Enquirer: 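Take a look at this one; I'll ask things after.
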There are 2 protein chains.
Amino acid sequence: MARPREFDEAAALDAAIECFWTRGYEATSVRDLAERMGITGASLYNAFGDKHALFRRALDRYSERGTTARIARLEGQVPPRQAIETVLRDIIEESLRDTARKGCLVINSALEVAPHEPDCRQAVADRLGRIEAFFCRAVAAGQADGTITPVLPPEDVARNLLAVLLGIRVMARVQPERELFEGMLRSALTLLGPVTPAAG
Amino acid sequence: MARPREFDEAAALDAAIECFWTRGYEATSVRDLAERMGITGASLYNAFGDKHALFRRALDRYSERGTTARIARLEGQVPPRQAIETVLRDIIEESLRDTARKGCLVINSALEVAPHEPDCRQAVADRLGRIEAFFCRAVAAGQADGTITPVLPPEDVARNLLAVLLGIRVMARVQPERELFEGMLRSALTLLGPVTPAAG
DNA sequence: CGTGTTTTAGATCGAACGATATAAAACACA
DNA sequence: TGTGTTTTATATCGTTCGATCTAAAACACG
């Protein structure tokens with residue numbers, strides 16, 4: 001019983017994601033956002049509240065469609081070792097295609113926004129915790145079915161895999177290089193043991 | 001043959017480092033900087049040029065006294081394996097004491113500033129490249145004297161160690177936890193092989 | 001076809017931004 | 001003790017910031 005929205009909220013959020021992703025939170029102005037979202041400043045404030053609330057919406061939307069979503073699709077569908085490797089290889093390829101050096105919005109926000117905003121910090125910590133937990137479950141599953149060596153605790157292997165993921169995301173914003181990324185991954189995969197567990 | 005400086009440039013730069021380190025580049029205003037540096041805006045611009053030039057000076061000064069300096073002091077003085085472990089353990093302890101979640105200025109700048117400013121990107125890439133090169137030299141030296149297993153190429157081990165360093169620095173800004181940091185390190189050190197190479 | 005409600009567009013708010021102009025103050029050198 | 005030069009302090013400069021006001025436009029409902 002009122003005038004309807006003239007813009008697609010999802011598309012507008014995608015445009016906001018693009019802005020925050022590329023330039024960061026502080027360097028993105030509300031005028032930048034409104035222009036890229038194809039709406040006026042008044043509509044932006046009417047629909048989303050303020051800049052910070054819009055950022056939270058953008059961060060949440062990005063999170064739902066990022067690595068966490070890929071993990072949900074892979075886990076249980078492919079063997080654990082392959083799931084781990086696929087997640088990290090996809091991030092490597094994405095980072096090498098990322099000529100604008102956007103990196104990952106969650107991890108960019110981890111450094112720029114999270115330390116000063118408790119709710120963003122919680123959201124970022126939650127996402128990274130889920131990734132670490134996935135790695136841990138996958139390693140444990142691989143150890144259970146014999147495809148991953150049980151000499152290391154799955155928690156520690158998962159932490160190294162998380163470090164590799166974070167390392168790739170950081171270097172993607174500075175100097176994306178295939179050999180660097182694949183070297184990080186190769187050594188981490190060594191922690192899983194030989195690919196085919198040679199029986200005797 | 002003129003009026004002398006009334007402020008200590010080094011101390012002023014330290015104050016500027018503190019500002020950029022804690023709040024980041026964009027969120028730090030020139031007025032914040034001048035106040036913390038104990039000088040007026042006019043003196044700041046007269047002495048340093050503009051905000052970006054001051055940031056570069058601060059980043060350079062920080063870099064000279066950070067991990068790179070510690071590496072220079074350790075390398076050649078202690079066994080390679082111990083040098084690697086000391087560097088990373090120091091970063092872990094520093095991160096756990098870092099209640100303000102400042103992390104590392106170089107890596108914070110890697111995400112916020114480097115993608116958009118070629119000269120900062122070059123400076124950051126140079127610093128991280130030096131750290132990776134140190135890890136590589138240390139692993140190679142350890143392999144040469146038999147204290148590090150030669151089954152992995154030193155380049156790849158160095159890349160994983162760099163990823164662990166970056167991972168610690170990222171998580172230090174979000175959620176510093178000893179078990180996470182030490183788990184990253186433990187698994188990376190596994191790549192070096194057993195501490196005492198058991199003969200037969 | 002009014003009435004009520006929300007969204008739109010455009011103008012603009014006060015505050016803060018990076019940076020500068022001006023002139024007095026503090027030195028080196030003659 | 002003048003002269004030249006740099007640094008200092010104060011008061012801004014014009015711009016942009018995040019956010020809001022006003023009123024017209026667009027719908028649902030009666």
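Just so it is clear: chains get the letters A, B, ... in the order the sequence lines come, proteins before strands, and each one is counted from 1. Because the structure is predicted, anything quoted here is derived from the model rather than measured.
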Enquirer: Within 45° of the axis and under 6.0 Å from the centre of the six-membered ring of A/F20, does NZ or CZ of A/K51 qualify?
Expert: no
Enquirer: Between atom CZ in A/F7 and atom C1' in C/dT8, what is the gap in whole Å?
Expert: 10 Å
Enquirer: Rounded off to whole Å, could you give me the CG-to-C1' distance for the B/D50 and C/dC17 pair?
Expert: 14 Å
Enquirer: Is the side chain of A/E155 donor-acceptor paired with the backbone N or O of B/G183 at a distance under 3.5 Å, no angle test?
Expert: no
Enquirer: Assuming nearest nucleotide by heavy-atom distance, tell me which of A/R31 and A/T40 is located more 5' along DNA chain C.
Expert: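 Looking at DNA chain C, the more 5' nearest nucleotide goes with A/T40.
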Enquirer: Nearest to the side chain of A/R3 - C/dA26, C/dT8, D/dT7?
Expert: C/dT8
Enquirer: It should be established whether B/S43 places a side-chain nitrogen or oxygen under 4.0 Å from OP1 or OP2 of nucleotide D/dT7.
Expert: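 No, no such contact exists.
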Enquirer: Under the salt bridge (charged side-chain N to carboxylate O under 4.0 Å, His left out) criterion, do A/R81 and A/D145 qualify, and how do the steps go?
Expert: CA-CA 10 Å; A/R81 186 180 194 122; A/D145 70 14; over 6 Å; no
Enquirer: How close or far is atom P of D/dT20 from atom CG of A/L44, stated in whole angstroms?
Expert: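 Interatomic distance, CG of A/L44 to P of D/dT20: 12 Å.
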Enquirer: For B/H52 and for B/E6, locate the closest nucleotide of DNA chain C by heavy-atom distance; then report the residue assigned to the nucleotide nearer the 5' terminus.
Expert: B/H52
Enquirer: Could you state the CD-P distance from A/E35 to D/dT16, rounded to the nearest angstrom?
Expert: 13 Å
Enquirer: How long is the line joining CZ of B/F48 and P of C/dT20, in whole Å?
Expert: 16 Å
Enquirer: Using side-chain heavy atoms (C-beta onward) and a distance below 4.5 Å, is A/V157 in contact with A/F135?
Expert: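 Counting from C-beta outward, A/V157 and A/F135 never come under 4.5 Å.
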Enquirer: Could you please name the option among C/dG18, D/dA19, C/dA9 that lies closest to any side-chain atom of A/A42?
Expert: C/dA9
Enquirer: Can you tell me if A/E93 has over 12 outside heavy atoms packed within less than 6.0 Å of its CD?
Expert: yes
Enquirer: Starting at atom CD of B/E26, determine the distance to atom P of D/dC17, rounded to an integer number of angstrom.
Expert: 10 Å
Enquirer: Nearest to the side chain of B/Y45, which nucleotide is it out of C/dA19, C/dT8, D/dA19?
Expert: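 When the side chain of B/Y45 is considered, C/dA19 is the closest of C/dA19, C/dT8, D/dA19.
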Enquirer: Provide, to the nearest angstrom, the distance between the CG atom belonging to B/L33 and the P atom belonging to C/dA16.
Expert: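 Checked: the CG to P distance equals 16 Å.
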Enquirer: As a test of reading the structure: which of C/dC27, D/dG18, C/dT6 is closest to the side chain of A/K51, going by heavy atoms?
Expert: D/dG18
Enquirer: Does a nitrogen or oxygen in the side chain of A/R5 sit under 4.0 Å from OP1 or OP2 of C/dT7?
Expert: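 Yes.
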Enquirer: Tell me the interatomic distance from A/N46, atom CG, to D/dC27, atom P, rounded to whole angstroms.
Expert: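 The answer, rounded to whole Å, is 16 Å.
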